[in-house]
Structure formats: structure tokens, C-alpha cells
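Reading through the C-alpha cells given below for one structure.
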Amino acid sequence: MKHYKNVEVVESLIDSLNDSDSYVRRWIAVALGKIRHPHAVKALILALDDPDATVRKYVAIALGRISHPTAVMALASKIQDKDNSVREQAVLALEKIGDPRATKALISALTSPDNYFKMLAAAILGKIQWNIHIIRLILKKIYFSNLKKSDSVLLFSDIISKLDPSDNSIRCRAATALGEIGSPEAVKFLIISLVDPNSDVRGRAAAALGKIRCSKSITALIQALSHPDAAVQQEAIAALKHIGTSKVLKSLVQSFTIDLDDPDIYTLARILAVRVSMTQEHDKLIPLYPRKDKFIDTP
């Protein structure tokens, strides 16, 4: 049937979209999707309101196959359909069309109680229009959902995994967003990003770890101080300063992988020593150069 793309054939099929038999309507929608003639779009948009959910699902699939921009708003309205399969196919159709006008509807889908659908909508949202404004809206929806912070991180990380891995800007913004969520559950994902092939991603990951201030990231951040990329070193120094605990200082001065004579690292150690000395967790004598028998004396 896909070879019969003249308007007369399409018109005859369109007439059958009003057949009293829902089974017939389903297969007419399938046929129109295979033909992919733009003349069918208007009728298929009307058929999105068919009383039969299976018909609506196949209509959404057909509109996705035709991928005509005039169907965007109608498909966006089906994101709130009462049937899960219709919602899912509407989102997938919007992905195929790739029109930014779908953004608002996809963001609203993030309030869905169905986690799979929520992840699907967010991933497709990312492919259509992924920028820091959209990330903030996604985070806002996650915050106001009934998810725990740890589940939010897993959800967001799953979203990121579905996006284009070759796009450095997406990974940068994802690292920033995980820092904004602020859950320790994000640490393991961010530690992996410290060795990302892109310098900006590595820097953003270090900065995000500093915001989360989790002790699990200390070892990885100290290792990042020896990274050949100076920008990553500076972000790691800033992150360790943000964490600022005695554990950071002890790990720093006991590390055999960093140059403690480096001015930036020496300054970091001095700042941490002063900060720790003002708390209840300090040691009376904190070794700064254990291999050279040099010490920082703290009051």
C-alpha cells in the first residue's frame, strides 16, 4: 500500500477513519502512517480524539511517521491522555518531529506518576531543546514530585544516559544539574565525569562535587589535583576547599600522588589547616609534609 501515494487513495482511507468498527479505524491509521502522505495529517489530528485508545495510539504513531509540524500541538495535548500507551506514542511522535514548540508539553509530562514515562519525556525533551533553562525546569519538576533526592538523581542520570554522548554541552550541563540536585547519590556519576575526555565536563564535575560536599568524593578530587589540565586542577582545589573538613586535610597531606610544593596546593592546605584548627575536629599537630618531616603547627 505504501506505493499508492496519490491523494485519491489517501482520501478514500481518510473516509474510513470514521468507520463504526474500531478495528477498521486502527488499521486505517496504520495504513496512513505507512503511506506518509501529508494530506492525511488533518484527518489524523482529528482522529487523536477517537474514543478507542488503541486507535488513538496508532494515530499518534502515524503522525510521528509523517512528521509534519502541523501535528505538534495536537500531539502535545495527548501527553495528558488517560491511556499510557497513547501518551507514550505521542511523546515518541514529538521526538520524530523534533519541534521546540513541544517543550512546554514535555515539561508538563515530568509530573507524571509513571517514572518510565517521566524519563522518556525528559530524554526526548533533551533531544529537542536541551539548555540550562530546560534543566532548571526539569529539576523544578523533580523537586516538586514525590521522588526522594536519591531517586531524583537516578532519574536524572537515566535521562542523561539517553542523550547524545557526543554532545559535550549536554554532559557539561548535566554535571551542573547533578550538583544543583545536591544529593550524595550523584557523587559516583560525577567521579566518572572527572575523567571525561572533555575538559569543560571534567571541570563542571569537580565543581558539582564541591557543591555536594560529600566525603566519598575526596579521594577522586585529590587525584584530580595531579590532572594535566590546569582548569581541572583549579576546580578540584575549589571543590576540596568547599568540602573543607579535617578528612580533606589529612587525605591531602598523606597523598603520595600530588606535589605539596605546588603553590596552589600549599595554599589550599594552609587554608584548610586554619579552618580545621577553629573546629572541634582538629589534631594538635597536622603534618603538611610527612615525607620531609615538615609540619604546620596549629593552635
Side-chain angles (χ1 to χ4, degrees), residues 95 98 110 118-143 147 149-245 247-248 251-252 255-259 262 264-265 268:
E95 176 189 19
L110 296 175
K118 190 183 298 185
M119 288 187 286
L120 177 66
I124 292 170
L125 172 65
K127 292 177 183 178
I128 292 175
Q129 184 174 340
W130 190 267
N131 55 44
I132 196 62
H133 175 64
I134 297 302
I135 284 178
R136 285 172 181 155
L137 288 171
I138 290 174
L139 291 174
K140 184 177 179 182
K141 290 293 182 183
I142 289 175
Y143 277 135
L147 289 175
K149 261 193 174 184
S150 58
D151 292 335
S152 297
V153 171
L154 294 175
L155 167 59
F156 194 81
S157 299
D158 191 74
I159 291 167
I160 299 305
S161 72
K162 290 177 171 62
L163 302 179
D164 184 359
S166 66
D167 192 327
N168 295 331
S169 65
I170 287 178
R171 298 202 307 283
C172 280
R173 289 161 180 163
T176 300
L178 288 171
E180 292 295 329
I181 292 175
S183 170
E185 294 293 329
V187 169
K188 60 183 177 181
F189 301 104
L190 291 167
I191 287 175
I192 293 171
S193 296
L194 284 176
V195 293
D196 191 278
N198 181 266
S199 174
D200 290 337
V201 175
R202 295 192 296 267
R204 295 286 186 92
L209 288 168
K211 281 191 172 185
I212 296 172
R213 300 184 181 184
C214 178
S215 60
K216 292 179 181 178
S217 65
I218 292 173
T219 300
L221 286 168
I222 288 177
Q223 289 172 350
L225 295 176
S226 301
H227 199 282
D229 187 334
V232 175
Q233 293 176 23
Q234 291 303 314
E235 289 292 357
I237 286 172
L240 290 166
K241 193 184 300 182
H242 276 300
I243 298 172
T245 62
K247 185 174 180 180
V248 175
S251 299
L252 185 67
S255 173
F256 287 88
T257 64
I258 60 174
D259 179 11
D262 180 278
D264 290 330
I265 296 176
L268 171 64

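Just so it is clear, the model here is predicted, and its values are computed rather than measured.
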Exercise answer: donor-acceptor pairs, residues 232-243 side-chain atoms, under 3.5 Å, sequence neighbours excluded:
from   : atom 1 : to     : atom 2 : distance (Å)
Gln233 : NE2    : His227 : O      : 2.4
Gln234 : NE2    : Asp264 : OD2    : 2.9

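- For Asp259, the side chain to side chain contact (heavy atoms under 4.5 Å, CB included) partners at least two apart in sequence or on another chain are Asp261, Asp262.
- Looking at residues two or more places apart in sequence or on another chain, you find a salt bridge (charged side-chain N to carboxylate O under 4.0 Å, His left out) between Asp229 and Arg202.
- Under the side chain to side chain donor-acceptor pair (under 3.5 Å) criterion, the residue pairs touching residues 208-221 are Glu180-Lys211, with sequence neighbours excluded.
- At distances below 3.5 Å, not a single donor-acceptor pair connects side-chain atoms of Ser255 with backbone N or O atoms of Ser251.
- When all heavy atoms of Ala231 and Ser199 are compared, the closest pair comes out as CB-OG, 4.5 Å.
- Interatomic distance, Leu194 CG to Gln223 CD, rounded to the nearest 0.5 Å: 9.0 Å.
- Nearest heavy-atom pair, Asp196 versus Asn198, reported as atom, atom and distance to 0.1 Å: OD1-N, 2.8 Å.
- In this structure, OG in Ser226 is found 6.5 Å from CD1 in Ile265, a value given to the nearest 0.5 Å.
- The two residues Ile222 and Leu252 make their nearest non-hydrogen contact at CD1-N, 3.6 Å.
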